[in-house]
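Order of the sequence lines fixes the chain letters, A, B, ..., with proteins taken first and strands second; residue numbering starts at 1 for each chain. Since the model is a prediction, treat every value here as computed from it, not as a measurement.
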Number of protein chains: 2
Amino acid sequence: MRALAMPQDGSGAPRFSHVACGDCPIRERAVCAYCDGDALDALSAIKTYREYPAGRDILAAGEVSPMVGSIVRGVVKLTKSLPDGRAQMVGLLFPGDFVGHPGRAEAAYDATAATEVQLCLFQRQPFETLLRETPQLEKRLLDMTLTELDAAREWLLLLGRKTARERIATFLMALAGRARRAAPAGLPDGAPFCFPLPLTRGEMAEYLGLTIETVSRHMTRLRAEGVLAFSDARSVSVPDLAALAAEAGD
Amino acid sequence: MRALAMPQDGSGAPRFSHVACGDCPIRERAVCAYCDGDALDALSAIKTYREYPAGRDILAAGEVSPMVGSIVRGVVKLTKSLPDGRAQMVGLLFPGDFVGHPGRAEAAYDATAATEVQLCLFQRQPFETLLRETPQLEKRLLDMTLTELDAAREWLLLLGRKTARERIATFLMALAGRARRAAPAGLPDGAPFCFPLPLTRGEMAEYLGLTIETVSRHMTRLRAEGVLAFSDARSVSVPDLAALAAEAGD
DNA sequence: CGGCATTTTGACGTCCCTCAAGGGGCGTGG
DNA sequence: CCACGCCCCTTGAGGGACGTCAAAATGCCG
């Protein structure tokens, strides 16, 4: 397990260039979104970039991390485990999302890079100081935390009440919605909607509260029924978004 | 469905006295915990108290509420439902907890009084203004929201991976811990630990992602095995907290 | 070509859900 | 005081969705 603060080995060496905040791809979505002028300069002064290859641990539960930060590129999964090894993904973070809890140094769950990831990191101490002095930073963090809380509660409904088929359809709909928003250029609505899966079958199972076999079986069945199409197991195409939405249960 | 702002009928008429903030039982735990002096006066100036009998709806999903507030007494449940009627409790709020999301007027879930409830309410608009002007208020709200997020993620693990028996044990352990903290007077550790259940079997099922029959069956079995004892279905006694903890799975 | 990880598929078991009936507590009304 | 209804809880029988165990297929990379 490798903490946010640990130096990285060669395989994780930087491959993305550091950017000015003004050119940052997550400028509008990240914790810094409401900041400008002096506040942005102050944040910029304490930021460092860091890359993680797919599969690498970013932070382990119970570990004390001196860093918090924003996802610039890639997907980060948050996982909680029981002593006997059963594991449940409790969050899936995308570019712009914030990693780490200001105010509590000890991580409550494992954070792992699901894909290659670039983080924009801040040392905890200066960041928390800045947080106290910068109302718009704190406001943004509160907004983002409330959004995450809503998302977690939506997931409670999924885990508590939805069938395996509905869980998979819900997850794919969420990914489709994200892909659509990421490529807002006027795409024909009629064309099959296509996007990559950032997770393996096993990771999907971990997220959806299922086993890998159940995920695989239902994916296969959805394909057989024409709701989904995919040649590669890691990329999905949806001929009819409405049909998939109808399978999601809400 | 009755909104926070709606006037109440006779059955819900106030039965608790309004109190000065200095004498408030949740003074140390609520959103106002970090406030004093002017900030506390400003909050006090816009607060109103309101009572709800057990079972009454406080706020319905999708409804626009002009109020937010703190629970002074009682237990509030938050529930999300699917169109076909399946329902999952997504939060259980106790005295000191905050009801409503500043910044988003539309409720994301139903809020219902599980027991008789007293709320300390603030009109949304003045509260949000005060929030912008009062860093310690925003800080407290952020802290509380992060705590709720952690709790929700703990619940994801429960719903995704724990067996019915483990879910029930986990829930009872949480209640036992709360009861113990509420009565910190040096109780003998050896004595059977006793506390009331704020929820019916049906509500427990709704919270735990189970059916009422499964909850009832496992409660019966836990009693038969001596892990629990109860004469009244609504109050539980735990002869051996460690034994119950061992059933919780973590 | 060969090794490894991932995915798919099959057979079987089990935990929990569904459907159904019955019991206990409590308030209301005769 | 008892009868009745209502709600909550309990208990039972049966079935189904998903988990477990196992093996084969597919893809990736050296």
Mind listing the closest non-hydrogen atom pair of [X] and [Y] along with its distance?
X        : Y        : value
A/Gln88  : A/Glu206 : NE2-O, 3.1 Å
A/Arg29  : A/Met144 : O-CE, 4.0 Å
A/Gly249 : B/Pro83  : O-CD, 3.3 Å
A/Ala152 : B/Leu156 : O-CD2, 3.8 Å
A/Leu208 : A/Trp155 : CD2-CZ2, 3.7 Å

Whole angstroms only, please: what is the [atom1]-[atom2] distance between [X] and [N]?
X        : N      : atom1 : atom2 : answer
B/Leu158 : C/dC16 : CG    : C1'   : 15 Å
A/Asp232 : C/dT8  : CG    : C1'   : 15 Å
B/Arg221 : D/dG12 : CZ    : C1'   : 13 Å
B/Leu199 : D/dC9  : CG    : C1'   : 15 Å
B/Leu228 : D/dT10 : CG    : P     : 11 Å
A/Arg223 : C/dT9  : CZ    : P     : 7 Å
A/Arg161 : C/dC16 : CZ    : C1'   : 12 Å
B/Glu166 : C/dC16 : CD    : C1'   : 14 Å

Worksheet item: Among residues 79-88 of chain B, which contact DNA chain C at a heavy-atom distance under 4.0 Å?
Response: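 DNA chain C contact set from residues 79-88 of chain B: none.
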Under a 4.0 Å heavy-atom cutoff, the residues of residues 211-219 of chain A touching DNA chain C are A/Glu213, A/Ser216, A/Arg217
Between A/Lys80 and B/Glu154, is the closest basic N to carboxylate O distance under 4.0 Å?
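Looking at A/Lys80 together with B/Glu154, the answer is yes, because their closest N to O distance falls below 4.0 Å.
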**Worked verdict on B/Asp232 versus B/Arg234 for salt bridge (Lys or Arg N to Asp or Glu O under 4.0 Å)** = CA-CA 5 Å; B/Asp232 182 345; B/Arg234 294 296 290 276; over 6 Å; no
Per nearest nucleotide of DNA chain C, the residue lying toward the 5' end, A/Glu203 or B/Leu210, is A/Glu203
Identify whether any heavy atom of [X] sits under 4.0 Å from a base atom; if not, whether one sits that close to sugar-phosphate; answer base, sugar-phosphate or nothing.
X        : answer
B/Arg167 : nothing
A/Gly209 : sugar-phosphate
A/Arg165 : nothing

- Is the NZ or CZ atom of B/Arg181 positioned over B/Phe94's six-membered ring, under 6.0 angstrom from the centre and within 45° of the axis?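 No, B/Arg181 does not sit over the ring of B/Phe94.
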What side-chain donor-acceptor pairs closer than 3.5 Å can you find for residues 169-178 of chain B, not counting sequence neighbours?
| unit_1 | atom_1 | unit_2 | atom_2 | d |
| --- | --- | --- | --- | --- |
| B/Thr170 | OG1 | B/Lys162 | NZ | 2.9 |
| B/Thr170 | OG1 | B/Glu166 | O | 2.7 |
| B/Thr170 | OG1 | B/Ala248 | O | 3.2 |

| query | So, is B/Thr200 close to the D/dC7 phosphate, meaning a side-chain N or O under 4.0 Å from OP1 or OP2? | reply |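 No, no such contact exists.
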### Query
What's the closest nucleotide to the A/Arg201 side chain, out of D/dC18, C/dC16, C/dT8?
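Among D/dC18, C/dC16, C/dT8, the one nearest the side chain of A/Arg201 is C/dT8.
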